[in-house]
Asks: 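Please see the structure below; I have some questions.
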2 protein chains.
Amino acid sequence: MRIAVDAMGGDLAPQAPVEGVLAAAKEWPDTQFKLVGKPDVLNPLLGSKPSNVTVVEAEETIEADDEPVRAVRRKTNASMVVAGRLVKEGEADAMISAGNTGALMTVGLLVLGRLKGIERPGLAPILPTVDKLGVLALDLGANMDAKPEHLLQYALMGSLYRQKVHGMAKPRVGLLNVGTEEAKGNELTKAAFDLLKEAPIHFIGNVEARDVLERNCDVLVCDGFAGNILLKGMEGAADTLFGVLKKELTSSWQSKLAAAILRPNFRRVRHMMDPKEHNGAPLLGVNGLVVKSHGSSDAVATKHAIRQARVAIGNGLIAALADEFGGK
Amino acid sequence: MRIAVDAMGGDLAPQAPVEGVLAAAKEWPDTQFKLVGKPDVLNPLLGSKPSNVTVVEAEETIEADDEPVRAVRRKTNASMVVAGRLVKEGEADAMISAGNTGALMTVGLLVLGRLKGIERPGLAPILPTVDKLGVLALDLGANMDAKPEHLLQYALMGSLYRQKVHGMAKPRVGLLNVGTEEAKGNELTKAAFDLLKEAPIHFIGNVEARDVLERNCDVLVCDGFAGNILLKGMEGAADTLFGVLKKELTSSWQSKLAAAILRPNFRRVRHMMDPKEHNGAPLLGVNGLVVKSHGSSDAVATKHAIRQARVAIGNGLIAALADEFGGK
C-alpha cells in the first residue's frame, strides 16, 4: 500500500512527519511512503533514505491561519493539496496531514469529492476512554449546522469504521444528548433519534456527555458544534485539573516528596487523557482516505495516524463505505 | 425578606432543606423562611422551631421522574407549586427548590409567568473556576432550541445578574463557540454574535469551551443544548479523572502512603470542581425570583442557595430586570 504524508503541515513540521514516516517505514516495509513537501527542506532531514520512502515535490504550504477554501483554491501546489491529488489520481491509498483542519476538509471536498449518498463528510476522532478502547465521535467540527439526515449518515459511517478498522462486531451507536430518555433534546436530536432507531445499526439511544470517558458507546453521533464543545470542554477540564493539582503538589516539601513517589501513577492517568494516543481522525464521507493528524503531533503520534490509515486501507474501508451508500 | 423553600424536592429531602433552612434562619434572623411541604413530616424535623421559620402546608410532591408540565398542571397542591404561588401572590420574595428541574421551569412559566420582553427564561448556574469566582452560564437546559434573540436576552440578563448579585462593575460577556474568531460557529452563534456586539454590555466575543474553568468570561452565553453538553462533559471528565486517580493511588502500599500525605491537597482540588460550592441557579426571565438548588444538595448547599437568593432580593434583581426589559 501507498500512503502520502503532508510533510509541511502541523506545529512540529517538517521534523515530526519526517521522523514519523522514517519510523513507520522501518516497521512496515510493505508500505510505500510519499513525503510531500519541499525537497530541499526534506532531503537533508531524511539522511540515508529508506527504499520505501520517496519525496514528492510541493513548493507551497498552507498555513494554520490561512482561510481554508481560498488557500486550497489558490495554492494548488501546496503540500496538502498535492497529497490529496495523489489519492485522487490513484497514486496513493491514503493521505495524512497535521495541517489546517479546515483546509484539509476542503481538500477532501474539492480535490477528492464526496462519496455518493453522503451530503456532508464528518471528522471522526477517537475520544480517550478509561478502558483505552476509545469512542469514535463524529462529527467533530466539519459540519456546524447538521441536519438529521447528516447524523444518520454519521452513524452508518462510524459504525462501519469501527467494524472495518477496529474489528468490532457490533459497535454500539449512541446519540449525544442532554438526557437518556427518548424525548430529550433539541429538534435536531429528536428527529435524528427517529432516523437512527430505524437504521441498520446497533443504536443504543441517547447518551450523555458525562459518561463518554467511561465508553458509554462505541460510536458517538453529534453535530460538529456540540461535538467540539464536548471535546474541548473535557480537554479543558482535564488540563485545568492537572494544572491545579501540579500547583498543589509542589506547594510544600512534604507534598513534593509524596508527589515524587506518585509520579508514575500521575503519568499513567495523564497518558489516558492524551488525545495523541489515538491520533488519526478519518474524514469520513469523501472519496478516498483522508486522515487528520493532531496539529501538535510528534513523530510517535504521526506513526499512530499512519497505523490507523494502514488498517483502514488493509480492510478496504473506502470500498465498504462506497458499497454502503450505493457506489462511488 | 421572605424566602419560600420547597421542603420536599431533591434527593436528600426533606432533611437537607430543613437543616439548611434552620442554619440559615440562625445566621440571618432578619429573614422569614417558609418551609413548604407536609406539616406532619416537617414539624418533627424542626424541633424547637425558630421564630423566623414557618411551615406552609402542601400535601402533594412532584417526583424526579414526573413529566414536568403535566405534574405542575395536575398537582396544584404540590410543594413546588405552592412555593411558586407564594412568590406570585407577594407572600414571599423568592422561592428555592432542589426538585425536578423541568417542573421548576414550568412553575416559573405557568405560575409566575415571563417577564415582559423575555421570550424564553434561562437557567443560569455558576460554573466553577480555578479562581473561585465562577462563570455564570446561561442557558443551561431551559431552552433547547434557542434563537439569536434569546441569546441576546440571556446576555443582558446574565450581565445584570453579575452586577446586581455579584457586584461586578463590568462583567465580561462571552459567546460559547468552537473558536474565538468572529466568523466561527453555527448559524445560531453567527447571528447572535451580530446582536451581542451591538448590545449595551461588555461583549468580549467568542470564547472556547476549553478555557471556561480559567474564567475566560464572567457571563457565558449559550443555548441550552450546548450548555448542557459543556457542563456534563466537564463534570464527567473531572469525576472520571478523580476516579482513575483514586484507583492509581491505592494500587500499592507506597502509593497509599504517599497519597495519604497529599489528602488535603487532593481535597482542595476536588472542592474546586464541586458544583455545590456555587449552589443556587436563578431561573432568569420569569416574573419573580426562582432559584434552582442542585438535586443532590445537602444542608450546606441549601444554605448557599439561600445566600444567593438573599443577595438577589437585597439588590432588587427582579425590579432591575423588569426595568431593563420595559416593565413587568
Side-chain angles (χ1 to χ4, degrees), chain A residues 67 129-130 141 144-146 176-179 183-190 208-214 222-245 247-249 251-252 254-255 257-262 264-266 268-269 272-273, chain B residues 67 129-130 141 144-146 176-179 183-190 208-214 222-245 247-249 251-252 254-255 257-262 264-266 268-269 272-273:
Chain A
E67 197 285 307
T129 58
V130 171
M144 286 295 145
D145 288 287
L176 180 65
N177 211 328
V178 302
K184 286 275 179 179
N186 55 18
E187 286 169 19
L188 172 66
T189 61
K190 284 178 197 168
E208 285 200 75
R210 63 172 307 118
D211 306 317
V212 170
L213 291 175
E214 310 283 351
C222 54
D223 70 277
F225 189 87
N228 180 286
I229 299 296
L230 171 67
L231 177 67
K232 300 272 185 74
M234 293 198 306
E235 283 183 359
D239 285 351
T240 300
L241 278 179
F242 279 112
V244 175
L245 208 54
K247 219 182 215 170
E248 272 290 338
L249 299 189
S251 60
S252 73
Q254 291 98 326
S255 63
L257 209 66
I261 297 169
L262 297 174
N265 307 74
F266 287 127
R268 270 198 294 277
V269 180
M272 189 203 99
M273 285 297 293
Chain B
E67 197 285 306
T129 58
V130 172
M144 285 295 145
D145 287 288
L176 180 66
N177 211 327
V178 301
K184 287 275 179 180
N186 55 18
E187 285 169 20
L188 172 65
T189 61
K190 284 178 199 168
E208 285 200 76
R210 63 173 306 118
D211 306 316
V212 171
L213 291 175
E214 310 283 351
C222 53
D223 69 278
F225 188 87
N228 180 288
I229 299 297
L230 172 67
L231 177 67
K232 301 271 185 73
M234 294 199 306
E235 282 182 0
D239 284 352
T240 300
L241 278 179
F242 279 112
V244 175
L245 208 53
K247 219 182 214 169
E248 271 290 338
L249 300 189
S251 59
S252 73
Q254 292 99 324
S255 64
L257 210 64
I261 297 169
L262 297 175
N265 306 75
F266 287 128
R268 270 197 294 274
V269 180
M272 188 202 98
M273 284 298 293

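Here is how names work: the chains are called A, B, and so on, in the same order as the sequence lines, proteins then strands, and each is numbered from 1. All values below were derived from every heavy atom in this structure, side-chain atoms included, with hydrogens, water molecules and symmetry-related copies excluded. Here the structure is a predicted model, which is why all the values come from computation and not from measurement.
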Asks: Please flag which part of A/Val178 lies under 4.5 Å from any non-hydrogen atom of chain B: side chain, backbone, both or neither.
Replies: both
Asks: Highest number of heavy-atom pairs under 4.5 Å with chain A: which of B/Leu231, B/Asn228, B/Val130?
Replies: B/Asn228
Asks: For residues A/Met234 and B/Gly233, report the shortest heavy-atom separation together with the two atoms involved.
Replies: CG-O, 3.4 Å
Asks: For B/Leu176, is it the side chain, the backbone, both or neither that has a heavy atom under 4.5 Å from a heavy atom of chain A?
Replies: both
Asks: For A/Asn265 and B/Leu249, indicate whether the former's side chain and the latter's backbone hold a donor-acceptor pair under 3.5 Å.
Replies: no
Asks: Under 4.5 Å heavy-atom distance to chain A, tell me which part of B/Glu208 shows up: side chain, backbone, both or neither.
Replies: side chain
Asks: Using a cut-off of under 4.5 Å on heavy-atom pairs, state which of B/Ala260, B/Ala238, B/Gly185 scores highest against chain A.
Replies: B/Gly185
Asks: Measure B/Leu245 against the heavy atoms of chain A and call it side chain, backbone, both or neither at under 4.5 Å.
Replies: both
Asks: Measuring from A/Gln254:CD to B/Leu262:CG, what's the distance to the nearest 0.5 Å?
Replies: 10.0 Å
Asks: Just give me the residue among A/Asp223, A/Asp239, A/Val212, A/Leu241 that pairs up with chain B most often, heavy atom to heavy atom, under 4.5 Å.
Replies: A/Leu241
Asks: Which atoms of B/Asp211 come close to chain A, meaning under 4.5 Å heavy atom to heavy atom: side chain ones, backbone ones, both, or neither?
Replies: neither
Asks: Which atoms form the tightest heavy-atom contact between A/Cys222 and A/Gly227, and what is the distance?
Replies: SG-CA, 3.6 Å
Asks: Hey, are the side chains of A/Leu213 and B/Val244 touching, using non-hydrogen atoms and a 4.5 Å cut-off?
Replies: no
Asks: Heavy-atom cut-off 4.5 Å, strictly under: side chain, backbone, both or neither for A/Ile261 against chain B?
Replies: side chain
Asks: Taking only residues two or more places apart in sequence, or in another chain, which ones meet B/Thr189 in a side chain to side chain donor-acceptor pair (under 3.5 Å)?
Replies: B/Asn177, B/Asn186
Asks: Got more than 12 heavy atoms from elsewhere within 6.0 Å of CD, B/Glu187?
Replies: no
